[in-house]
Amino acid sequence: MKRVLSTALAVLAVVALAGCATMAGGESAAPELPAAVESVAAADSPITMENLDEYMGRTDVQYVDVRDLDEKFASGYVHDFELVPFFQFLEGRMVVRSDADGQAWVVEAGEINENFPYDNYFQRDKAIFIFCAGGTRAGYVKGILDEQGFTTYNLGGFKDYDGEYKVLGDPSFEL
């Protein structure tokens with residue numbers, strides 16, 4: 001009798017856990033990715049820092065933070081996002097901005113390095129979620145990656161994220 005009861009409880013546990021992974025109708029608990037937009041502005045993106053938690057943990061998404069290393073450790077970060085720093089790495093390699101004093105954030109013809117090894121840092125077979133401090137760099141990188149055939153979403157800025165994956169930084173950190 002104990003063996004039958006133990007087996008029944010084990011089967012119930014497996015069924016209950018499987019039910020947590022799917023919703024009614026057999027659909028995945030994770031929402032379907034909305035269509036990416038052409039606009040580089042975070043305000044136009046269907047996925048933002050406000051609804052990001054709904055899309056975390058997906059295997060079909062590459063999560064990218066384009067802030068620099070000191071920003072990440074001083075301000076904090078979103079768990080599971082990989083760092084591909086803009087100013088400390090991408091600028092000057094992936095793109096050479098004609099107005100590098102920070103005033104122009106529009107991708108101009110001839111600024112994009114077609115020989116940059118994009119596939120070493122970005123995954124073509126996944127949607128790419130990008131954020132930075134305020135959304136400007138993320139939009140700029142989105143524009144370049146879109147030109148290279150990637151599917152991207154500009155989530156905006158870390159300053160707007162208050163979700164459960166936030167890891168607090170140390171404001172006294174200096175590089």
Side-chain angles (χ1 to χ4, degrees), residues 33 36-53 55-175:
L33 287 177
V37 295
E38 288 185 30
S39 170
V40 297
D44 297 331
S45 179
I47 302 172
T48 65
M49 296 307 261
E50 292 177 359
N51 65 2
L52 171 60
D53 284 4
Y55 298 95
M56 290 297 291
R58 300 176 67 104
T59 58
D60 59 344
V61 172
Q62 179 185 10
Y63 302 91
V64 177
D65 177 349
V66 294
R67 295 175 302 154
D68 288 335
L69 185 65
D70 53 336
E71 291 176 282
K72 176 179 179 174
F73 286 105
S75 300
Y77 58 94
V78 180
H79 186 69
D80 287 339
F81 271 73
E82 61 186 284
L83 185 66
V84 183
F86 182 78
F87 291 119
Q88 293 172 329
F89 179 70
L90 294 176
E91 186 176 50
R93 291 176 179 83
M94 179 175 81
V95 61
V96 177
R97 294 188 300 139
S98 57
D99 185 12
D101 66 1
Q103 300 303 310
W105 286 98
V106 176
V107 179
E108 300 290 340
E111 292 182 341
I112 300 173
N113 179 0
E114 300 293 337
N115 295 317
F116 180 77
Y118 293 92
D119 295 317
N120 290 355
Y121 303 98
F122 303 101
Q123 299 175 34
R124 286 186 193 276
D125 62 337
K126 296 184 178 192
I128 303 172
F129 288 9
I130 310 166
F131 79 86
C132 61
T136 303
R137 282 174 283 179
Y140 191 75
V141 172
K142 176 193 180 349
I144 294 168
L145 293 177
D146 287 352
E147 289 284 326
Q148 299 301 313
F150 292 88
T151 301
T152 62
Y153 298 82
N154 176 1
L155 306 182
F158 181 75
K159 65 181 179 53
D160 298 321
Y161 183 72
D162 288 319
E164 69 178 270
Y165 298 90
K166 186 174 193 171
V167 178
L168 299 177
D170 176 1
S172 68
F173 177 82
E174 290 184 33
L175 189 60

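We use all heavy atoms of the structure for the numbers below, so side chains are in, but hydrogens, waters and symmetry mates are not. Count residues from 1 along the sequence.
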Participant: Checking the side chain of Gln62 only, and the main-chain atoms of Tyr121 only, is there a donor and an acceptor separated by less than 3.5 Å?
Facilitator: yes
Participant: Backbone N or O of Ala138 within a donor-acceptor pair of the Asn154 side chain at under 3.5 Å?
Facilitator: no
Participant: In a check of side chain to side chain donor-acceptor pair (under 3.5 Å) between Arg97 and each of Glu111, Glu91, Glu108, which one passes?
Facilitator: Glu91
Participant: Can you run down the side-chain hydrogen bond (donor to acceptor under 3.5 Å, both in side chains) pairs that involve residues 68-79, sequence neighbours left out, and say none if there aren't any?
Facilitator: Glu71-Arg137
Participant: Within this structure, what is the CD1-CG distance for the pair Ile128 and Leu155, rounded to the nearest 0.5 Å?
Facilitator: 11.5 Å
Participant: So, using side chain to side chain contact (heavy atoms under 4.5 Å, CB included) as the criterion, who are the partners of Lys159 when residues are at least two apart?
Facilitator: none
Participant: Could you check whether the rings of Phe150 and Tyr118 sit parallel, tilted or perpendicular, using 30° and 60° as the cut-offs?
Facilitator: tilted
Participant: Can you name the closest pair of heavy atoms from Ala127 and Tyr153 and give their distance?
Facilitator: CB-CE1, 3.8 Å
Participant: Taking all non-hydrogen atoms of both residues into account, name the closest pair between Asp44 and Val37 and its distance.
Facilitator: O-CG2, 3.6 Å
Participant: Once you round to the nearest 0.5 Å, how far does CZ of Phe116 lie from CG of Leu90?
Facilitator: 5.5 Å
Participant: Taking atom CD as the centre, does Glu82 end up with more than 12 heavy-atom neighbours from other residues, nucleotides or ligands that are less than 6.0 angstrom away?
Facilitator: yes
Participant: By salt bridge (Lys or Arg N to Asp or Glu O under 4.0 Å), which residues pair with Asp170, not counting sequence neighbours?
Facilitator: none
Participant: Distance-only, no hydrogens or angles: does the Arg93 side chain make a donor-acceptor pair with backbone N or O of Pro117 under 3.5 Å?
Facilitator: no
Participant: On a heavy-atom basis, which atom in Ser39 and which in Ala41 lie closest, and how many Å separate them?
Facilitator: OG-N, 3.1 Å
Participant: Mind checking salt bridge (Lys or Arg N to Asp or Glu O under 4.0 Å) for Asp60 and listing every partner two or more places apart, or none if nothing turns up?
Facilitator: Arg58
Participant: What class does the angle between the rings of Phe173 and Phe73 fall in, given that below 30° is parallel, 30 to 60° is tilted and above 60° is perpendicular?
Facilitator: tilted
Participant: Counting C-beta onward and ignoring hydrogens, is there a side-chain heavy-atom pair between Ile130 and Leu145 closer than 4.5 Å?
Facilitator: yes
Participant: Rounded to the nearest 0.5 Å, what separation is found between the CE atom of Met49 and the CG atom of Asp162?
Facilitator: 9.5 Å
Participant: Locate the shortest heavy-atom distance separating Gln88 from Leu69; write the atom from each residue and the value.
Facilitator: OE1-N, 2.9 Å
Participant: Short question: side chain of Asn51, backbone of Pro46 - any donor-acceptor pair under 3.5 Å?
Facilitator: yes
Participant: Search all heavy atoms of Val78 against all heavy atoms of Met56 and return the closest pair with its distance.
Facilitator: CG1-CE, 4.2 Å
Participant: Considering all heavy atoms of both residues, which atom of Phe129 and which atom of Phe81 are nearest to each other, and what is their separation?
Facilitator: O-CE2, 3.8 Å
Participant: Step through the shown structure and confirm whether more than 12 heavy atoms of other residues, nucleotides or ligands are within 6.0 Å of CD on Gln123.
Facilitator: yes
Participant: If you apply the rule side-chain contact (heavy atoms from CB on, under 4.5 Å), what do you find for Val61 with Tyr55, and how did you get there?
Facilitator: CA-CA 9 Å; Val61 172; Tyr55 298 95; 5.9 Å; no
Participant: Test Asp53 against Tyr165 for side-chain contact (heavy atoms from CB on, under 4.5 Å), laying out the working first.
Facilitator: CA-CA 7 Å; Asp53 284 4; Tyr165 298 90; 3.2 Å; yes
Participant: Check step by step if side-chain contact (heavy atoms from CB on, under 4.5 Å) holds for Asp160 and Thr48.
Facilitator: CA-CA 9 Å; Asp160 298 321; Thr48 65; over 6 Å; no
Participant: Residues two or more places apart in sequence or in another chain: which of them pass side chain to side chain donor-acceptor pair (under 3.5 Å) with Thr152?
Facilitator: Lys142, Asp146
Participant: Go through the steps to decide whether Ile112 and Val107 satisfy the test side-chain contact (heavy atoms from CB on, under 4.5 Å), and finish with yes or no.
Facilitator: CA-CA 8 Å; Ile112 300 173; Val107 179; 3.5 Å; yes
Participant: Counting distance only, does the side-chain N/O of Lys166 pair as donor-acceptor with the main-chain N or O of Tyr161 below 3.5 Å?
Facilitator: yes
Participant: Sequence neighbours left out, what passes side chain to side chain donor-acceptor pair (under 3.5 Å) with Glu164? Give chain and number order.
Facilitator: none
